[in-house]
Amino acid sequence: MGTERWPRLELALRLPLALTLAYAGWGKVQTAAEFAEQVANYQWLPESAFAVAIVLPPTELLVACGLCVLPARWRQAAALLSALLFSVFTVAVTRALWLDINVDCGCFGAGSGEIGPLTVLRNVSLTGAALTLVWLSGKAAAIAEPQAESES
Amino acid sequence: MPPEPAIVLAILRRSLPLLGRTAALAAAGVGLGLTLNLAREAPLALTRYQPATTCELDSELEPMVAKPETISGLCTRGDVLVVDTRGADAYARGHLPEAAHLPCNATGPTADAWMDLTGGKQTVVVYGETTDEALEVARSLSSRGGALQAYVIEGGFEAWQAAALACASGACALCGEESDHGH
């Protein structure tokens with residue numbers, strides 16, 4: 001595959017990921033108190049639900065913006081952070097399903113529906129997409145900044 | 001065969017700038033979150049999460065039905081009140097350790113008296129002969145506002161026994177307090 005395709009592939013992957021994160025973050029920012037309840041319902045470190053509700057949605061929005069507007073090296077970092085977030089979501093949902101805890105997903109704010117195997121599948125797919133984006137962003141950065149790449 | 005330390009070091013050295021930028025973005029996210037929270041009309045407190053209390057039956061407080069194996073993990077916590085909704089005979093033959101006896105036909109004042117025992121407790125676990133029977137009592141307890149979260153054992157006491165989990169038998173350990181309230 002020609003190296004000129006890396007930036008286009010990266011663009012094709014990061015825009016949907018950025019939109020997903022922006023949609024998820026925006027929904028939660030508007031209903032922070034309800035989101036804290038949803039986090040607590042997962043029964044995974046429920047005492048930290050307020051901290052998660054305060055920090056997570058703006059971080060999702062920031063990462064979404066970063067994927068859209070930051071230079072390639074920083075986009076790679078944003079992609080890595082989104083992969084970490086999606087990994088944690090995957091573990092939380094899988095754990096809740098494993099323990100037979102019946103909770104609303106809270107993935108996109110209020111009214112996201114209950115968790116199920118499809119939620120896990122979606123989160124695993126998003127984690128995979130984000131990890132692929134980390135790799136593609138590295139390629140795109142190497143093309144955009146060959147000098148910096150050779151120095152590093 | 002473990003990787004050569006030199007290779008690991010080289011990989012780490014190459015990854016450090018990326019990890020640093022990722023940490024910087026995460027820190028910026030935390031800062032943005034704290035700033036936005038302060039800008040809210042009613043900011044969330046940066047304290048240990050406590051569910052909101054209510055005196056009304058709320059769909060958000062709908063009891064959670066869970067399998068005995070899941071509930072058994074809860075029972076070891078100190079903030080859980082276990083409630084048995086079966087008849088007195090069934091209770092005497094066997095019940096969960098330290099289970100309070102609150103049968104379905106208990107009067108409102110009796111239920112209120114039992115709710116006093118939940119002082120400081122975060123969770124109520126309810127079970128009966130069937131799931132539905134316990135659900136009714138769990139909903140009733142939730143609506144009284146004393147219990148912040150109610151769980152119901154799926155399949156009732158029979159399922160608990162079938163799962164070979166710990167049981168107790170005999171008279172109700174808390175019956176002194178129960179009878180004090182006219183039960």
Side-chain angles (χ1 to χ4, degrees), chain A residues 25 28-30 32-41 43 45-67 70-71 73-85 96 98-104 110 134 137-138 141 148-149 151-152, chain B residues 10 13-52 54 58-74 77 79 122-123 148-149 151-155:
Chain A
K28 293 169 195 161
V29 156
Q30 292 175 316
E34 288 84 351
F35 179 55
E37 276 186 43
Q38 287 166 329
V39 171
N41 287 341
Q43 299 170 40
L45 302 175
E47 61 275 7
S48 60
F50 277 147
V52 172
I54 289 170
V55 166
L56 179 62
T59 303
E60 286 179 319
L61 288 173
L62 187 75
V63 170
C65 292
L67 287 173
L70 289 176
R73 289 281 166 213
W74 283 90
R75 287 202 304 268
Q76 190 184 22
L80 181 58
L81 189 53
S82 67
L84 288 172
L85 292 175
W98 181 263
L99 295 176
D100 210 16
I101 300 171
N102 185 18
V103 287
D104 274 346
V134 173
S137 298
E149 171 69 11
E151 282 171 8
S152 69
Chain B
R13 187 168 167 270
R14 213 177 149 75
S15 307
L16 271 180
L18 172 61
L19 294 177
R21 283 189 283 267
T22 307
L25 273 179
V30 171
L32 181 63
L34 293 172
T35 309
L36 281 179
N37 187 50
L38 284 177
R40 285 180 204 281
E41 277 184 29
L44 297 179
L46 256 180
T47 54
R48 183 185 164 91
Y49 175 78
Q50 292 288 343
T54 176
D58 188 326
S59 59
E60 291 291 318
L61 283 174
E62 180 69 11
M64 291 187 188
V65 179
K67 291 179 178 165
E69 293 81 358
T70 308
I71 298 285
S72 66
L74 285 175
R77 285 175 14 192
D79 64 345
Q122 304 280 319
T123 309
L148 298 174
Q149 180 62 60
Y151 291 85
V152 167
I153 299 180
E154 189 178 357

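Predicted model only: the values in this text are computed from it and were never measured. Lettering of chains follows the sequences in order, A, B, ..., and the numbering in each one begins at 1.
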(request) Using non-hydrogen atoms and a 4.5 Å limit, figure out which bit of A:Leu85 sits close to chain B: side chain, backbone, both or neither. (result) neither
(message) Quick check for you: to the nearest 0.5 Å, what is the distance between B:Leu44 atom CG and A:Ile54 atom CD1?
(response) 5.0 Å
(message) Let me confirm one number: the CG-CG distance from B:Leu25 to A:Leu67, rounded to the nearest 0.5 Å.
(response) 9.0 Å
(message) For the CZ atom of B:Arg21 and the CZ atom of A:Arg75, what is their distance to the nearest 0.5 Å?
(response) 12.0 Å
(message) For B:Arg40 versus A:Val29, what's the shortest heavy-atom pair and its separation?
(response) NH1-O, 3.0 Å
(request) Check whether B:Glu154 gets within reach of chain A through its side chain, its backbone, both or neither, counting any heavy atom under 4.5 Å. (result) side chain
(message) I'd like to verify something: which residue of B:Leu36, B:Leu18, B:Asn37 has the highest number of heavy-atom pairs under 4.5 Å with chain A?
(response) B:Leu18
(message) Show the nearest heavy-atom pair for residues B:Gly29 and A:Pro58, with the distance to one decimal.
(response) O-CB, 4.3 Å
(message) Distance check, rounded to the nearest 0.5 Å: B:Thr22 atom OG1 versus A:Leu80 atom CG?
(response) 4.0 Å
